[in-house]
Amino acid sequence: MGSVSITLKDGSIHEIPRGTAVMDVVKGISQRLAREALVARFNEQLVDLNSIINGNGKLEILTFDDAEAREVYWHSTSHILAQAVKNLYPEASLGIGPAISNGYYYDFDVVKGFSPEEVEAIEAEMKKIIKENYSFKRRELSLEEALDLFTENKEPYKVELIKELPEDSTISIYEQGGFMDLCAGPHIPSTGRVRALKLLNVAGAYWKGSERNPMLQRIYGTSYPKKKMLDEHLFKIEEAKRRDHRKLGTQLDLFSLHDEGPGFPFFHNKGMIIWNELENYWRKEHRRHGYEEIKTPIILDRGLWERSGHWDHYHENMYFTEIDEVSYALKPMNCPGSILVYKTKQRSYRDFPLRMAELGLVHRHELSGVLHGLMRVRSFNQDDAHIFMLPSQIKDEIVGVIEMIDDFYSVFGFEYKVELSTKPGDAMGSDEIWEQAIEALRDAVESKNIEYCINEGDGAFYGPKLDFHLEDCLGRTWQCGTIQLDFLFPENFDLSYIGSDGEKHRPVMIHRVIFGSIERFIGILIEHYGGAFPTWLAPVQVLLLPIADRHQEYAAALKEKLESHDIRVEIDSRNEKIGYKIREGETQKVPYMVIVGDNEVKNKNLSIRKRKVGDMGTLALEEFLEVVKREVRDKTQ
RNA sequence: GCUGAUGUAGCUCAAUGGCAGAGCAAUGCAUUCGUAAUGCAUAGGCUGGGGGUUCAACUCCCCCCAUCAGCUCCA
């Protein structure tokens with residue numbers, strides 16, 4: 001036997017008998033830590049607390065405060081979920097059950113989906129399992145033994161998973177209270193560690209995420225070591241739902257959706273104010289960055305789409321129509337239109353880079369199940385631009401767009417994630433051209449020191465892209481900005497320019513958007529601000545609240561005065577008490593309310609109330625004008 | 001498109017086979033009010049659409065549409 005020496009996180013070295021369980025070491029350190037410990041890291045590897053130490057090494061004890069331990073915790077809860085389902089539905093086959101951010105899920109193959117009542121019963125069964133406080137026990141076996149075991153247990157999905165492992169693998173399984181699952185581990189010591197849990201929703205999910213595979217029933221849930229933490233998490237979900245742009249869109253009268261036009265949002269006056277402010281800002285910035293602006297039609301001849309490749313590669317997403325017995329398509333992208341404009345002249349290298357912007361309305365047929373408020377629709381406005389340039393200008397242009405996107409997003413205070421999407425299965429062009437384009441994008445993004453991840457096979461059919469993702473209220477991410485490098489459309493459309501040598505050459509193209517879709521961007525903005533738009537975007541910037549009818553006249557004069565400074569003002573002239581009007585102004589999230597009563601009329605000043613903050617005291621009209629105008633000018637958050 | 005759930009007044013939600021209701025909003029009247037809801041009254045419905053079962057359907061069954069969550073797909 002003998003002893004081994006282990007080094008703890010604080011640097012202290014302990015001599016312990018070889019073969020001691022990690023948990024016993026922890027108990028030697030602190031009873032409290034022993035209660036909170038979930039899993040350990042021994043020599044950089046996560047291990048069970050039940051595991052045995054057989055050598056020298058570095059030992060770290062992880063609790064729920066560590067992200068890795070939380071993952072283990074949720075993963076273990078998913079095993080409890082699986083056990084509960086197997087207890088109640090012995091004929092169910094198990095899929096997979098990983099931890100996800102803030103919880104876990106488990107997939108089951110069952111004859112019929114779970115009803116809400118059944119889910120409740122499953123949750124109750126889970127609580128029973130927790131009460132029993134079964135230990136998670138690890139067992140290792142050979143691949144063959146594992147195959148036999150899971151074949152015998154009628155777990156075809158597990159068998160499939162095992163078959164994909166290398167032949168000489170050692171397979172680990174975990175058992176708790178008679179339930180057994182294929183699993184690499186590690187796990188928390190016992191089911192009793194889960195103190196509070198909740199099953200959140202049920203949904204179908206294809207086995208291995210492929211439409212060709214059977215659809216399994218996925219149950220999502222979460223769990224915490226303290227009831228209070230669970231309650232906080234559930235409260236956060238509720239809070240997030242209050243920021244849902246679909247709900248706020250109705251409450252704030254920004255837009256509406258109708259059965260008569262699924263995926264085709266209707267924008268109301270207040271929504272259009274935000275839209276137009278975004279466009280105004282966008283135009284100003286694009287002029288400053290050397291863009292020209294064009295507008296091309298939304299219906300174009302079939303031949304154009306055949307030539308661009310959309311007919312072959314994008315057909316399923318397109319809408320078609322016929323005019324005078326000739327077939328046309330509604331444009332799903334703006335690029336072919338831009339290209340026609342490019343071709344109206346003989347272009348010179350001196351024109352490059354030629355930055356041609358277009359706020360273009362595109363239509364795309366999306367599957368009914370993916371439609372989502374303003375985020376995923378069937379017709380949307382892209383703040384598109386196509387940059388035609390020399391190959392030598394590629395990097396500078398991409399960097400220029402990256403910087404522009406960063407400038408735009410920082411105005412709104414957005415954090416974003418960048419993805420580099422590579423060649424899809426159904427793509428045009430050679431691997432060499434693709435590789436070249438991918439390298440150019442990679443080079444540009446790395447030169448800006450921006451972190452990014454690779455999204456294999458997710459490029460457009462004509463080129464790879466850098467995607468910029470923003471988050472919605474529930475943490476789902478949506479692609480907004482994108483930069484796509486394209487060597488193929490110039491080829492397909494036989495684009496040319498005259499070089500300094502007097503010869504014809506082929507230009508390179510960038511397709512790019514910053515907002516992405518104005519609709520989606522507004523959706524994200526609504527959720528980001530929770531409807532409380534900064535003054536420059538707020539549909540109503542100042543709400544005038546007369547105390548009584550005799551103050552209406554003064555309020556009307558003020559309104560006129562503010563409007564002459566391009567401030568958006570409304571008067572709440574209803575016969576209501578001031579508290580009522582303030583409440584309404586707050587729920588409508590108007591940045592400034594101005595109370596107009598006898599005092600104000602007499603003293604010729606304004607009593608200001610700021611959204612969320614409350615009474616700000618009085619200001620002279622000129623002072624107030626300056627405050628509002630400065631916020632608008634600076635786009636103050 | 002797939003799996004499951006949902007669809008009742010402008011909004012949020014009741015009504016489990018027997019007269020379709022409430023709160024908020026709207027409208028009218030009274031009140032003329034000082035920093036998050038004044039009172040009273042009125043009006044508002046082909047219960048998403050179509051078919052069926054039943055003496056009787058918001059309620060049970062079938063088909064369709066839309067929405068929500070997720071999967072797949074995408075800006």
Side-chain angles (χ1 to χ4, degrees), chain A residues 105 107 110 112-116 118-119 200-220 241 244 246-247 250-251 253 256-263 316-317 332-333 362 364-384 421 458 460 465 467-470 474 476 478-482 484 513-521 523-524 545-552 574-587 593-600 607-617:
Chain A
Y105 67 77
D107 289 344
V110 280
K112 196 178 78 51
F114 299 108
S115 70
E118 287 173 305
V119 171
L200 296 169
N201 48 23
V202 192
Y206 299 108
W207 169 238
K208 289 185 178 167
S210 169
E211 274 179 292
R212 290 184 299 277
N213 289 337
M215 181 163 269
L216 310 180
Q217 294 302 317
R218 175 172 297 176
I219 300 180
Y220 288 87
K241 282 183 185 160
D244 190 314
R246 293 165 299 188
K247 213 174 171 66
T250 307
Q251 276 165 14
D253 195 16
S256 55
L257 297 161
H258 302 267
D259 283 4
E260 290 83 349
E316 282 176 8
N317 285 292
M333 295 186 196
V362 298
R364 297 183 184 175
H365 180 71
E366 301 289 349
L367 296 178
S368 59
V370 308
L371 301 179
H372 182 90
L374 295 180
M375 304 295 199
R376 192 75 181 273
V377 294
R378 285 178 172 156
S379 84
F380 56 99
N381 286 266
Q382 290 186 303
D383 63 317
D384 217 341
S421 295
D458 210 36
K465 50 182 191 161
D467 293 328
F468 294 72
H469 291 255
L470 299 174
L474 291 178
R476 297 174 290 209
W478 298 90
Q479 185 184 318
C480 290
T482 175
Q484 309 174 347
V513 291
I514 292 179
F515 294 141
S517 112
I518 313 277
E519 287 81 349
R520 177 178 288 183
F521 199 80
I524 298 269
L545 307 179
I547 298 271
D549 283 346
R550 64 178 176 281
H551 309 118
Q552 297 285 3
R574 290 176 302 179
N575 178 6
E576 288 292 349
K577 291 173 114 168
I578 196 68
Y580 181 92
K581 295 183 184 182
I582 287 169
R583 182 185 158 79
E584 179 101 339
E586 286 288 344
T587 55
M593 281 175 263
V594 173
I595 283 102
V596 180
D598 290 337
N599 297 338
E600 289 71 27
S607 183
I608 312 296
R609 197 189 152 92
K610 199 174 160 114
R611 172 179 66 196
K612 289 178 184 164
V613 178
D615 194 348
M616 305 285 282

Quiz item: Under 4.0 angstrom, heavy atoms only, what part of the nucleic acid is A/L371 near: base, sugar-phosphate, or nothing?
Solution: sugar-phosphate
Practice problem: Classify the nucleic acid contact of A/S607 as base, sugar-phosphate or nothing, counting any heavy atom under 4.0 Å across all strands shown. | Solution: base
Quiz item: Which listed nucleotide (B/rA66, B/rU72, B/rU35) is nearest to the side chain of A/D615?
Solution: B/rU35
Self-check item: A/H372, nearest nucleotide to its side chain (from B/rA69, B/rA75, B/rG1)
Solution: B/rA69
Quiz item: Hey, does A/A205 reach any base, or is it just sugar-phosphate, or nothing, if we go heavy atoms under 4.0 Å?
Solution: sugar-phosphate
Quiz item: When only distance counts, do a donor and an acceptor, one from the side chain of A/E600 and one from the base of B/rG34, lie under 3.5 Å apart?
Solution: yes
Practice problem: Would you state whether a donor and an acceptor, one from the side chain of A/Y206 and one from the base of B/rG70, lie under 3.5 Å apart? | Solution: no
Quiz prompt | B/rA20 versus B/rC46 - spacing of their P atoms, nearest Å | solution = 13 Å
Quiz prompt | Residue matched to B/rU32 through Watson-Crick or wobble contacts both under 3.5 angstrom | solution = none
Quiz prompt | A/E586 side-chain N/O to A/K612 backbone N/O, donor-acceptor pair under 3.5 Å | solution = yes
Quiz item: Below 3.5 Å, does any donor atom in the side chain of A/R520 face an acceptor in the base of B/rC74, or the other way round?
Solution: yes
Exercise. For A/G209, report the nucleic acid contact type (base, sugar-phosphate, nothing); a contact means any heavy atom under 4.0 Å.
Key: sugar-phosphate
Practice problem: Select one nucleotide: of B/rA36, B/rA75, B/rU67, the one nearest the side-chain heavy atoms of A/R609. | Solution: B/rA36
Quiz item: Contact class for A/V370 (heavy atom, under 4.0 Å): base, sugar-phosphate, or nothing?
Solution: base
Quiz item: Who is the Watson-Crick or G-U wobble partner of B/rU27, with both distances under 3.5 Å?
Solution: B/rA41
Quiz item: Where do A/D458 and A/K465 land on the salt bridge (Lys or Arg N to Asp or Glu O under 4.0 Å) test, with the steps shown first?
Solution: CA-CA 8 Å; A/D458 210 36; A/K465 50 182 191 161; 5.1 Å; no
Quiz prompt | Whether over 12 other heavy atoms sit under 6.0 Å from A/K208 NZ | solution = yes
Quiz prompt | For atom CD of A/Q484 and atom C1' of B/rA75, their distance in whole Å | solution = 9 Å
Exercise. Remember a base hit wins even if backbone is also touched, and classify A/N599 as base, sugar-phosphate or nothing at under 4.0 Å, heavy atoms.
Key: base
Quiz prompt | Side chain of A/I578 (C-beta onward), nearest among B/rA37, B/rU35, B/rC11 | solution = B/rU35
Quiz prompt | Distance in angstrom units between A/E576 CD and B/rA36 P, rounded | solution = 15 Å
Self-check item: Pairwise C1' distance, B/rC33 and B/rG49 [rounded to whole Å]
Solution: 49 Å
Exercise. Answer yes or no: side-chain N or O of A/R376 and base N or O of B/rC73 forming a donor-acceptor pair under 3.5 Å.
Key: yes
Self-check item: Side chain A/Q552, main chain A/D549, donor-acceptor under 3.5 Å
Solution: no
Quiz item: Between atom CZ in A/R574 and atom C1' in B/rC24, what is the gap in whole Å?
Solution: 12 Å
Quiz item: Considering every strand shown, what is the Watson-Crick or G-U wobble mate of B/rC71 when both distances are under 3.5 Å?
Solution: B/rG1
Quiz item: With a 4.0 Å cut-off on heavy atoms, is A/V362 in touch with a base, just the backbone sugar-phosphate, or nothing at all?
Solution: nothing
Quiz item: Can A/Y220 be called stacked on B/rG70 when the rule is centres closer than 5.5 Å and an angle between planes below 30°?
Solution: no
Practice problem: For residues A/I524 and A/M375, determine if any side-chain heavy atom of one lies less than 4.5 Å from a side-chain heavy atom of the other. | Solution: yes
Exercise. Searching all strands shown, indicate the nucleotide that pairs with B/rA66 (Watson-Crick or G-U wobble; both distances under 3.5 Å).
Key: B/rU6
Quiz prompt | Residue A/R364, side-chain heavy atoms: nucleotide from B/rA69, B/rC33, B/rA75 that is nearest | solution = B/rA75
Quiz prompt | Pairing partner (Watson-Crick or G-U wobble, both distances under 3.5 angstrom) of B/rA22 | solution = B/rU12
Quiz item: In whole Å, what separates the P atom of B/rA75 from that of B/rU53?
Solution: 50 Å
Self-check item: Between P of B/rC73 and CD of A/E366, the distance in whole Å
Solution: 12 Å
Practice problem: Salt-bridge test for A/E118 and A/K112: reply yes if a basic N is under 4.0 Å from a carboxylate O, no otherwise. | Solution: yes
Quiz item: To the side chain of A/T250, which of B/rA75, B/rU35, B/rC11 is closest?
Solution: B/rC11
Quiz item: When all nucleic acid strands are considered with a 4.0 Å heavy-atom cut-off, which category describes A/G579: base, sugar-phosphate, or nothing?
Solution: sugar-phosphate
Quiz prompt | Nearest-angstrom distance, P atom, B/rU42 to B/rC60 | solution = 34 Å
Exercise. Answer with base, sugar-phosphate or nothing: what part of the nucleic acid does A/R550 contact at a heavy-atom distance below 4.0 Å?
Key: sugar-phosphate
Quiz item: How is A/L367 classified with respect to the nucleic acid when contacts are heavy atoms under 4.0 Å: base, sugar-phosphate, or nothing?
Solution: base
Quiz item: To the nearest Å, how far apart are A/D549 CG and B/rG34 P?
Solution: 14 Å
Self-check item: Distance in angstrom units between A/I219 CD1 and B/rG4 P, rounded
Solution: 13 Å
Exercise. Identify whether any heavy atom of A/R476 sits under 4.0 Å from a base atom; if not, whether one sits that close to sugar-phosphate; answer base, sugar-phosphate or nothing.
Key: sugar-phosphate
Exercise. Just call it for A/Y105: base, sugar-phosphate, or nothing, with non-hydrogen atoms closer than 4.0 Å on any strand.
Key: nothing
Practice problem: Provide the distance between the two C1' atoms, one in B/rA26 and one in B/rA69, to the nearest whole Å. | Solution: 34 Å
Exercise. Kindly indicate whether the side chain of A/R574, heavy atoms from C-beta on, has any atom under 4.5 Å from the side chain of A/E584.
Key: yes
Quiz item: Paired with B/rU47 by Watson-Crick or G-U wobble geometry, both distances under 3.5 Å: which nucleotide is it?
Solution: none
Quiz prompt | Sugar-phosphate only, base, or nothing, as touched by A/K465 at under 4.0 Å among non-hydrogen atoms | solution = sugar-phosphate
Self-check item: Gap in Å between the two P atoms, one belonging to B/rC11 and one to B/rG48, rounded
Solution: 13 Å
Quiz prompt | Partner nucleotide of B/rC60 by Watson-Crick or wobble geometry (both distances under 3.5 Å) | solution = B/rG52
Quiz item: Do A/P546 and A/K581 have side-chain heavy atoms sitting under 4.5 Å apart?
Solution: yes
Practice problem: Take atom CE of A/M375 and atom P of B/rA75, then tell me their distance rounded to the nearest Å. | Solution: 16 Å
Quiz item: A/R218 near the nucleic acid: base, sugar-phosphate alone, or nothing, with a heavy-atom cut-off under 4.0 Å?
Solution: sugar-phosphate
Practice problem: Provide, to the nearest angstrom, the distance between the OH atom belonging to A/Y580 and the P atom belonging to B/rA26. | Solution: 5 Å
Exercise. Check whether more than 12 heavy atoms from other residues, nucleotides or ligands sit under 6.0 Å from atom CZ of A/R212, and answer yes or no.
Key: no
